[in-house]
Structure formats: C-alpha cells, structure tokens
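Protein chains get the first letters and strands the later ones, always in sequence-line order, with residue 1 at the start of each. Please read these numbers as outputs of a predicted model, since none were measured by experiment.
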Amino acid sequence: SQQGEEDPQALSIQEGENATMNCSYKTSINNLQWYRQNSGRGLVHLILIRSNEREKHSGRLRVTLDTSKKSSSLLITASRAADTASYFCATALSGAGSYQLTFGKGTKLSVIP
Amino acid sequence: DSGVTQTPKHLITATGQRVTLRCSPRSGDLSVYWYQQSLDQGLQFLIQYYNGEERAKGNILERFSAQQFPDLHSELNLSSLELGDSALYFCASSVNIAGAPYNEQFFGPGTRLTVL
C-alpha cells in the first residue's frame, strides 16, 4: 500500500498563482522527498527534507514537514506554465542499509497560461 | 538529464515472453533501484541493489528478477509476461554512503513496456 497520500489529486491554477500540495504518511520516516514528473517521463528530484527539519526552501519551492501530524506540504510560488506536471511525495524508511522510497499517487498540477 | 540511462525506451512484446531491461547508474552511484509505474498501482518499488548485492525487495513478482553487475549497471528480467505487466519501468540510482542516509535518487527516463 502507498505510504504517502497526496492531496489534492488534481489542481488547476492560473499562471502567477501559488500552488499548494499536501502529503500525508503513516509511519515514522527518515526523510521525505518531493519529485516532479512530466507526462510519461522520468521523475526529477525537487527537494529533500529530513525528519528533524521543519521547513526548507529551494527557489520558488517551499516544503514544510510536521512529523507530529505525519504530513508535509509543497508550495510552488508564482507558478509558470512549465510547472505543469505531476508531483509526488516519497518517504524514505531506512533500515539495514536500504533507502527505498515509497511514493504517493501524486498531484496533477495544471498551470494555465 | 539525470545521468541515469535506460534501454530500451519502448518495448512491445507478447504474453508469455521474457524481456530484459537495462540500466546504467550515474557515475559513482553504488545503489540501483527499480520501480514500476502503472495507472492502477502508481509507483511501486521493486528491488534495490547496492554494489552488486541485493539490499531490499519490494513488490516484486517471482517472475521478475534483477541483478547488478561489477560495472554497476543493472538488468531487470521480466518473464512469463502478462497483460498486467504493461507499465513504465524506472531505474534510479543514488550514492548511499554508509552512515549518510539522506540520499536523493536520480531517475532514468524509463522503459515503457507494452504486453499484447
């Protein structure tokens, strides 16, 4: 079963607006990562936040992590048409040297020019 | 470009057949991961290799197997293919330095498998 669940499943906004996507997970994590996938292509790593961090920024991206609520959010500010993609959160459950990622089902973001 | 390469890009085959997907990790990355992405199951972790050794298994069917070679490239073998095996198969790599669990994974472009 999926560890992460993104919300909403789909989001449509106008260019220039902010987009917020949420992710909830079930078990304790080592870190949480956000990835972007353009239609049918490979995933691109956006940002990684460790379990002892609460907020992280990278360019127009802002990620928050609340381990008490087992949730994270990804904010994209001043969205562009090129941000149109699916966004996935992935949780890393480390153990015995394995750092496999468990992905949610993703949020499909459409940015309308 | 992530630096991870996968071949072939597309593969069309028939039920019951066997195929091999190939992945070359980024230079210096010791870990290779295989994922399957389908419409109904989403992105599922299949298996991880670290420096030639199997490290973790996820939702990988018994009909599927993988290996990582001394040059660190990896192959995923899918046999007795069924219609439901049609999916995008991704390979990812990461450094995984011992004691440093905070690793991002770099994904290849994927192999789209269609089983007819």
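- Residue B:Leu116 qualifies as enclosed at atom CG: its count of foreign heavy atoms under 6.0 Å is above 12.
- By the rule that hydrophobic residues join a cluster once side-chain heavy atoms approach within less than 4.5 Å of another member, B:Leu88 and B:Leu76 end up as members of separate clusters.
- Within 6.0 Å of atom NZ in A:Lys108, 12 or fewer heavy atoms from other residues, nucleotides or ligands are found, so the atom counts as exposed in its surroundings.
- A:Leu101 and B:Phe45 get closest at one heavy-atom pair: O-CB, 3.9 Å.
- Considering every non-hydrogen atom in both A:Phe88 and B:Gln37, the closest pair reads CZ-NE2, 3.8 Å.
- B:Val32 and B:Phe106 are assigned to two separate hydrophobic clusters, defined by single-linkage of ILVMFWY side chains at heavy-atom distances under 4.5 Å.
- Using a 3.5 Å distance cut-off with no hydrogens or angles, the side chains of A:Gln33 and B:Gln105 do not pair a donor with an acceptor.
- Here the closest non-hydrogen pair linking B:Phe90 and A:Gln37 is CZ-NE2, 3.4 Å.
- Hydrophobic clustering, with ILVMFWY side chains joined whenever heavy atoms are under 4.5 angstrom apart, groups B:Tyr49 together with B:Phe64.
- The neighbour count for B:Glu53 CD, taken as heavy atoms of other residues, nucleotides or ligands under 6.0 Å away, does not exceed 12.
- For CZ of A:Arg54, the number of neighbouring non-hydrogen atoms (other residues, nucleotides, ligands) closer than 6.0 Å is greater than 12.
- Contacts of residues 77-84 of chain B with chain A at a heavy-atom distance below 4.5 Å are absent; not one residue qualifies.
- Atom CD of A:Gln9 is surrounded by 12 or fewer heavy atoms from other residues, nucleotides or ligands within 6.0 Å.
- Within the 4.5 angstrom heavy-atom criterion, no atom of B:Gln6 approaches chain A.
- No more than 12 heavy-atom neighbours from other residues, nucleotides or ligands sit within 6.0 angstrom of CZ on A:Arg80.
- Of the atoms belonging to B:Asp40, it is backbone heavy atoms, and not side-chain ones, that fall under 4.5 Å from chain A.
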